[in-house]
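Worksheet for the structure shown next.
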Amino acid sequence: MLPRGRPRALGAAALLLLLLLIGFFLFGGDLECERGERGAERRGLGSFPCPLTPRVSAVGRQPSSGALDGDPSAGRWGHNHSDCVPPPPPLQRCELLHVAIVCAGHNSSRDLVTLVKSVLFYRKNPLHFHLVTDAVARNILEMLFYTWMVPAVRVSFYDAEELKAGALALLDFFLPQVSWIPNKHYSGLYGLMKLVLPAALPPDLARVIVLDTDVTFASDIAELWALFAHFSDEQVIGLVENQSDWYLGNLWRNHRPWPALGRGFNTGVILLRLDRLRQAGWGQMWKLTATRELVTLLATSLADQDIFNAVIKEHPGLVRPLPCIWNVQLSDHTLAERCYSGASDLKVIHWNSPKKLRVKNKHVGYFRNLHLTFLGYDGNLLRRELFGCPSPPPSGAEQVQQALAHLEEEDACFEFRQQQLTVHRVHLTFLPHEPPHPRPHDVTLVAQLSMDRLQMLEALCKHWPGPMSLALYLTDAEAQQFLRFVEASAVLSARQNVAYHVVYREGPLYPVNQLRNVALAQSLTPFVFLSDIDFLPAYSLYDYLRASIEQLKLGSERKVALVVPAFETLHYRFRFPGSKAELLALLDSGSLYTFRYHEWPRGHAPTDYVRWREAQTPYRVQWAADYEPYVVVPRDCPRYDPRFVGFGWNKVAHIVELDAQEYELLVLPEAFTIHLPHAPSLDISRFRSSPTYRDCLQVLKDEFHQDLSRHYGAAALKYLTALQPPRGPA
């Protein structure tokens, strides 16, 4: 039996132990955090936030020591820094956030689109993107953002090749400000452009987030913007520590990196206080540092990152270290696992390796899936309003919304009306493209296609060696499949004079004439051959057309449409004729037919195939109702009428417009193109099976003729009197 006072003594001891434990958790963690902060200050890193909670590994849920082989700074990476950073002042509900990105070329433009998708997916604030571009990227991105029509998003472009008045009122180019720096990084000259952002961006812009195009967001960018509130009065640059041993100089023998503070910092994600950088004389600061280091280092290896780090090494008070989760780096020598193994969530993934998604990392599957989610994500879904944040609608959006609001859903032709008003996102030159050399008689083949016609591309490239401008109607996911299709094809990947323009799918009907207009508008030669993707031109047609244009002395003074006679075969296995004589033999044997001879002879009868058989020189033909030949015309010819969507009368209306503008129709005696068999499209099936579909087409034709009469007056009467009920025009 215990003495009477023993339970009371045990209770006091337990209470004392409890108080000690409470004191340890309340003060011990703070002391550890304080020690970590003092250590960071001694290393010149400022006050680096560290956690107040035990570190837990994301893999296996085991505590992480965080030590990196004797490197005292490495332990930070295992912490969930977001647990230690004091909560920032709340953002204003509709505060405008500014984001700057340097983007040059075709591939970088595609990367930027995926980055922007990830930002838009999570964002809750209005955004202003500041894009420093070359001419190629600007052409692509201006059209993309104009047609994307995302509410509460503004985009400003800064051409790196334009003249700009600098701080000393001297005219200077942006590029020459950095072109004197030798750079071995794959990003090239544009990899140095972030150094001149304080001078390039508007002088009244005080803060900006700067991003590389190869990052993917997994959180709201406003959380990153909120970290500006943690800057001290001296700090001007917010960066995440470099997650590799690169700047320690021990990756290989004789490895000699640029100077850096400890492991240095990665510049894929930057918070810039532009106002303070300008006051500090940033332009002079980085140029002096770069000039001095290049005496012995000769070139940068990591572009702007090397120079940023060299400046920070000299002026450590400039930098505000950011939590590692805001730039998880998947480089070739990454040690990022020591960051994300202890993080509760990740904010930004950075594919900072030349291998990009093919980088070797045992967790790369997770990161790749995150990136691929946005790569194939339907960008149309990101056109959502920011409710409660009033902002002017994107250019043209208000008119489109008003027109859509006036449509009657009970109208039998509602789908046609809706499709006509739909603004499709357009991504020009989706793949790298080399413009043709200027030649006075050159011809671009213009066509459009969808995913089910991709198999036609290789044969077309073998038949037509000249430039092509092709519009593809694809979903975001199909665009990635198309990219892989081209990369896997030796024929397609070798062609640099084919421009592919992706028009993103939206709506139930195929916008055939809108697609043609996109491809036509992007043609860069004086003349265009308006074709369809399921036709193969004669092997010699490209050279023959150029010679014919020169011989006929065609130009802006003479309006001429050169007719290329069209034929078809019903055989999937078919020996393509090498000459007109071979074609006539196949025609006589029944292996070939004049195009649509059985189904729609009116469409090509005016070409006069009987005369063509014996013709030695071009001959003139007259327009007739429903005529729809394939023609070669000047690039500035009338555009296709976009009201014609789906199947029917889309080419017919264009030929009517050419005739109304007094284009001569000349049939070329040695030219031909052959239609190959394929499964019918969805729209032609609907045309054949639905009386309502055909009735709506008739309504569109009537409206088209009314518009012709208003525009051309009495001269348009012949088109109205020649009008026939539709049977099957394409």
Side-chain angles (χ1 to χ4, degrees), residues 429 433-448 456-471 491-492 494-501 516 519-567 576-583 595 607 612 615-621 629-639 651 654-655 658 661 663-675:
T429 49
H433 169 247
E434 293 180 5
H437 297 293
R439 292 188 291 186
H441 309 112
D442 207 359
V443 184
T444 295
L445 187 148
V446 171
Q448 46 73 37
M456 307 283 189
L457 287 177
E458 286 191 341
L460 180 59
C461 281
K462 293 176 182 177
H463 279 250
W464 183 271
M468 287 189 273
S469 181
L470 306 177
V491 173
L492 300 182
R495 289 290 294 271
Q496 295 297 307
N497 63 346
V498 181
Y500 301 101
H501 315 292
R516 287 178 172 136
L520 179 54
Q522 296 305 311
S523 302
L524 301 176
T525 57
F527 295 88
V528 290
F529 173 32
L530 304 177
S531 184
D532 276 335
I533 200 67
D534 46 8
F535 278 82
L536 288 183
Y539 285 108
S540 60
L541 185 61
Y542 174 58
D543 292 331
Y544 176 62
L545 290 178
R546 290 185 296 150
S548 298
I549 291 168
E550 184 174 11
Q551 291 169 6
L552 293 168
K553 296 181 171 57
L554 301 186
S556 57
E557 307 84 20
R558 185 183 178 191
K559 292 182 177 180
V560 174
L562 301 177
V563 175
V564 177
F567 300 84
F576 199 91
S579 65
K580 178 178 178 178
E582 289 183 20
L583 181 140
F595 185 55
T607 299
W612 183 79
Q616 300 295 318
T617 59
Y619 59 92
R620 186 172 181 177
V621 295
Y630 293 95
V631 295
V632 177
V633 289
R635 180 181 57 192
D636 60 356
C637 69
R639 295 312 190 238
K651 291 196 301 293
H654 188 244
I655 298 300
L658 291 176
Q661 294 194 15
Y663 274 73
E664 295 179 66
L665 294 169
L666 289 181
V667 180
L668 294 174
E670 299 294 328
F672 62 86
T673 185
I674 300 176
H675 179 264

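Source: prediction; values computed, not measured.
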query = Would you call Asp532 and Arg516 a salt bridge, using N to O less than 4.0 angstrom?
reply = yes
Distance-only check: which donor-acceptor pairs under 3.5 Å involve side-chain atoms of residues 437-445, not counting sequence neighbours?
unit_1: Arg439; atom_1: NH2; unit_2: Tyr542; atom_2: OH; d: 3.0
unit_1: Asp442; atom_1: OD1; unit_2: Tyr542; atom_2: OH; d: 2.6
unit_1: Thr444; atom_1: OG1; unit_2: Thr525; atom_2: OG1; d: 2.7

inquiry  = Are the side chains of Ile655 and Val631 in contact, using a 4.5 Å heavy-atom criterion?
reply    = yes
inquiry  = Minimum heavy-atom separation for Glu458 and Val491, please, with both atom names.
reply    = O-CG1, 3.9 Å
message = Quick check: closest heavy atoms across Ala447 and Ala519, and the distance to 0.1 Å?
response = O-CB, 3.8 Å
query = CZ/Arg635 to SG/Cys637 distance, rounded to the nearest 0.5 angstrom?
reply = 10.5 Å
task = Answer yes or no: is there a donor N or O on one side and an acceptor on the other, between the side chain of Asn497 and the main chain of Pro436, under 3.5 Å?
result = no
query = Looking only at heavy atoms, which two atoms of His654 and Pro638 are closest? And how far apart?
reply = NE2-O, 2.8 Å
inquiry  = Could you measure the distance from the OG1 atom of Thr617 to the CG atom of Leu552? Nearest 0.5 Å is fine.
reply    = 9.5 Å
message = Which residue is it: Trp464, Tyr544, Phe576? I am looking for the one with a ring-ring contact (aromatic ring centres under 6.0 Å, His included) to Tyr539.
response = Phe576
query = Taking atom NE2 of His463 and atom OG of Ser540, what is their separation to the nearest 0.5 Å?
reply = 11.0 Å
pair Tyr500-Leu492: side-chain heavy atoms closer than 4.5 Å = yes
query = With a 4.5 Å limit on heavy-atom distance, are the side chains of His501 and Thr429 in contact?
reply = yes
request  = Would you give the length of the straight line joining atom NE2 of His433 to atom CE of Met468, rounded to the nearest 0.5 angstrom?
outcome  = 10.0 Å
message = Between Pro526 and Ile549, is there a side-chain heavy-atom distance shorter than 4.5 Å?
response = no
inquiry  = Quick check: closest heavy atoms across Tyr663 and Ala561, and the distance to 0.1 Å?
reply    = CD2-N, 4.1 Å
message = Within the 4.5 Å heavy-atom criterion, are Leu554 and Val632 side-chain neighbours or not?
response = no
inquiry  = Looking at every heavy atom in both Pro565 and Ala671, which two are closest together, and how far apart are they?
reply    = CD-O, 3.3 Å
ask   = How long is the gap from CD on Glu550 to CG on Leu545, to the nearest 0.5 Å?
value = 13.0 Å
message = Applying the side chain to side chain contact (heavy atoms under 4.5 Å, CB included) criterion to Leu562, which one of Leu666, Val667, Val633 satisfies it?
response = Leu666
task = Kindly indicate whether the side chain of Val498, heavy atoms from C-beta on, has any atom under 4.5 Å from the side chain of Leu457.
result = no
query = Would a 4.5 Å heavy-atom cut-off, applied to side chains only, mark Arg558 and Lys553 as touching?
reply = no
ask   = Looking at CZ of Phe535 and CZ of Phe529, how far apart are the two atoms once the value is rounded to the nearest 0.5 Å?
value = 8.5 Å
key: Side-chain heavy-atom pair Ile533, Leu460 within 4.5 angstrom cut-off   = yes
task = Considering non-hydrogen atoms only, spot the tightest contact between Ser469 and Gln522 and give its length.
result = OG-CB, 3.9 Å
ring-ring contact (aromatic ring centres under 6.0 Å, His included) partners for Phe672, two or more places apart = none
